[in-house]
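The analysis underlying the following values was restricted to heavy atoms, covering all of them including side chains, and did not include hydrogens, waters or symmetry mates.
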Amino acid sequence: DNNRIEVTADRLAFTTQPTTTGINVAMSNVVVSANDINNNKDLDYTGSVAITSTGTLTGSPVSVASASGAATFSSLTHTVLGTGLNLSATSTGLSGAASSVFDITAIAYNDGDWKSISSGLWSSTASGSTVTWARRVSGSWVTQTLPTQAPTSGGANKVYIYTDITLAGSNTAKDLVIGVDPLDATKIGTLHATINTTFGQLVVEDGGTFSKEANGVSIDSELSGGILEVKDGGTFLFKHTTTGSSAIWAGKEKFHANSIFKVVYVNSSAMLVIPNVNDISTYTDPIAGTTACFGNVIIDCSTGKMNLVPSGFNLQLTAKDLIFRNNSDTTPLSTGDITTTIGGNLIIENTYSVNAINFASTASTINITVKGDFIHNGTKAFRPTTNLAANSTFAIEGNLSVINGGSFIMNGGTGALTGTSIVNLKGNLSVSSTSIINSIATGTNNFNFTGTTGTQTIDVANAATASNITFNA
């Protein structure tokens, strides 16, 4: 080390420039280096580098920690077309840098691809189809005149759904993208999978909706390249009328942090939406930096009884919110033991007014962490469990608010606890005059105020609150 030259960075430089990329497509790696006045890289620099764009960049500013003096951005994505754009890089204590210019273009379609230009039925036969399609020929879209052969069932070419389409007949589409036509924002894609069909790669982009309406809808296995991807702003509607099936979860799931998974209806026998612990994959969102099974989950279930996940589930459930909007049953979250995290808020909306909510009803161990706020705006009870032998720990890192006549009941069983019932709250507690927090079960129900910074406030307007609960500071 006697001859070592110390380099101290004072500026940033783009060492790998951005390239022209399609809309809603991740850009190839962009690399920013921390350099000195002679453009030598400071290998000891580990500071965070933030990227902004003159275009519309998802997650802006996007920050990445430097390693050995360089920050690599692997998934910069623009959501609006643009020309002559550039990126700017900043880092505390260093002079910033601007990139070379690039364009964000319409999707890079390939010859042979299809896109829908009218709504209707998509059948595997020309006579059964009412959708008008365009096909990519020599770099241009060519409208196909009805009656014409629709995109080939099982064909290798990519099919873009930009209108309201219902599958009919016998159809197996291997490579599907559902979204908004980048050349016509009034064309918004929804695919109703009303027949038993197998998809290969199914991608739901921002604005697109996939509605699983047939019980036998499936994805190719992960080993066969099957992918179910719902990007930020995309929606998956889950509809099922028989016993639970793993077929839709056979591939690799990629639910981005701002995607939506909504349960709309299920059968009447407490079916599992995810039947087996190993059915669902977690996805690490490169923009949000979260790792979870879903982005946002909405229970908006007008018919049937459901459990969302099976006993033994121990993955992070959501990157963002878990929302209870409507349901016809008490909706246990799980059939047994569960350890999971809600990455955002847990929200019971004011439309949720039919039945109480139980997260579990068996003699199980329940460990739930809510990273954001718990907002109970419904009129019914929320109960982590109704079983006296259950061991329940419910950790809320934000605030707990019960504000619309509903109740938070630590244990809904009748009698003396033989298990444990714990709530750990880091934020503030607010209970309206028409709402309540208590426990029907007698015994040791511990409500712990666990905040470590600032002062936790308690605003409880109902004097009946605290029945059978011990509050600990």
Side-chain angles (χ1 to χ4, degrees), residues 116 118-125 128-131 150-151 153-154 159-180 187-205 207-220 226-231 233-251 253 255 259-275 279-280 294-308 323 325-329 331:
S116 66
S118 78
S119 299
L121 296 176
W122 173 19
S123 176
S124 55
T125 63
S129 293
T130 61
V131 178
S153 178
V159 180
Y160 294 87
I161 304 297
Y162 292 146
T163 53
D164 195 290
I165 303 293
T166 299
L167 289 177
S170 174
N171 209 329
T172 300
K174 287 300 180 186
D175 198 349
L176 239 66
V177 177
I178 307 168
V180 179
K187 293 188 180 298
I188 301 172
T190 297
L191 181 65
H192 304 270
T194 56
I195 60 172
N196 294 340
T197 188
T198 301
F199 299 99
Q201 295 188 6
L202 175 60
V203 178
V204 186
E205 295 191 327
T209 299
F210 174 69
S211 180
K212 190 201 81 67
E213 300 174 19
N215 300 320
V217 175
S218 62
I219 301 289
D220 280 343
I227 293 175
L228 170 59
E229 183 170 10
V230 185
K231 296 185 178 181
T235 300
F236 183 125
L237 302 179
F238 184 91
K239 306 175 182 180
H240 202 90
T241 58
T242 62
T243 56
S245 170
S246 298
I248 193 66
W249 311 116
E253 293 79 37
F255 284 86
S259 65
I260 296 172
F261 177 76
K262 182 189 290 188
V263 181
V264 179
Y265 61 73
V266 294
N267 72 2
S268 58
S269 58
M271 64 157 282
L272 275 163
V273 173
I274 301 170
D279 282 345
I280 188 76
F294 298 101
N296 297 277
V297 172
I298 300 175
I299 308 301
D300 193 9
C301 195
S302 59
T303 303
K305 301 178 180 180
M306 57 159 278
N307 298 107
L308 189 60
I323 300 172
R325 180 164 295 163
N326 179 39
N327 198 56
S328 60
D329 190 57
T331 318

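- The structure places CG of Leu191 at 9.0 Å from OG of Ser116, a figure rounded to the nearest 0.5 Å.
- Distance check, rounded to the nearest 0.5 Å: OH of Tyr160 to CG of Asp175 gives 7.5 Å.
- Ile274 places a side-chain heavy atom less than 4.5 Å from the side chain of Trp249.
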Task: side chain to side chain contact (heavy atoms under 4.5 Å, CB included) between Ile165 and Thr190, intermediate numbers included - done: CA-CA 6 Å; Ile165 303 293; Thr190 297; over 6 Å; no
- [ ] Could you give me the CA-CA distance, side-chain angles and deciding distance for Leu202 and Phe236, then say whether side chain to side chain contact (heavy atoms under 4.5 Å, CB included) is met?
- [x] CA-CA 11 Å; Leu202 175 60; Phe236 183 125; 5.7 Å; no
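- With a 4.5 Å cut-off on side-chain heavy atoms, Val230 and Ile260 do not count as touching.
- Residues Val217 and Phe210 form a side-chain contact, since some pair of their non-hydrogen atoms from C-beta on lies under 4.5 Å apart.
- Counting only distance, with no hydrogens or angles, the side chain of Ser119 and the backbone of Asp164 share a donor-acceptor pair below 3.5 Å.
- With contacts defined as side-chain heavy-atom distances shorter than 4.5 Å, the pair Asp300/Val263 does not qualify.
- Under the side-chain contact (heavy atoms from CB on, under 4.5 Å) criterion, Ile188 pairs with Val180, not counting sequence neighbours.
- Note that CD1 of Ile298 is 5.0 Å distant from NZ of Lys262, once rounded to the nearest 0.5 Å.
- Rounded to the nearest 0.5 Å, atoms CD (Glu229) and CD1 (Ile219) are 11.5 Å apart.
- With contacts defined as side-chain heavy-atom distances shorter than 4.5 Å, the pair Lys174/Thr198 qualifies.
- The line from CG of Leu176 to CD1 of Ile227 is 13.5 Å long, rounded to the nearest 0.5 Å.
- When side chains are defined from C-beta on, Phe255 counts as touching Leu228, because their heavy atoms get closer than 4.5 Å.
- A distance of 9.5 Å separates CZ of Phe261 from CG of Leu237, quoted to the nearest 0.5 Å.
- Side chains of Asn215 and Thr241: a donor-acceptor N/O pair is present below 3.5 angstrom, by distance only.
- Applying the side-chain hydrogen bond (donor to acceptor under 3.5 Å, both in side chains) rule to Lys239 yields the partners Ser211; only residues at least two apart in sequence or on another chain are considered.
- Defined by atom type and a distance below 3.5 Å, a donor-acceptor pair is missing between the side-chain atoms of Ser118 and Thr163.
- Of all heavy-atom pairs spanning Cys301 and Tyr265, the tightest one is SG-CA, 3.7 Å.
- Nearest heavy atoms, Glu253 versus Asp279: OE1-O, 3.4 Å.
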Task: Test side chain to side chain contact (heavy atoms under 4.5 Å, CB included) applied to Phe294 and Leu308, step by step - done: CA-CA 12 Å; Phe294 298 101; Leu308 189 60; 5.6 Å; no
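- Closest heavy-atom contact between Thr242 and Met271: O-SD, 3.7 Å.
- Listed here is the closest heavy atom pair of Ser245 and Ile248: O-CG2, 4.4 Å.
- Judged by distance alone, with hydrogens and angles left aside, the side-chain atoms of Thr166 form no donor-acceptor pair with the main-chain N or O of Leu121 at under 3.5 Å.
- For His240, the ring-ring contact (aromatic ring centres under 6.0 Å, His included) partners are Phe238, not counting sequence neighbours.
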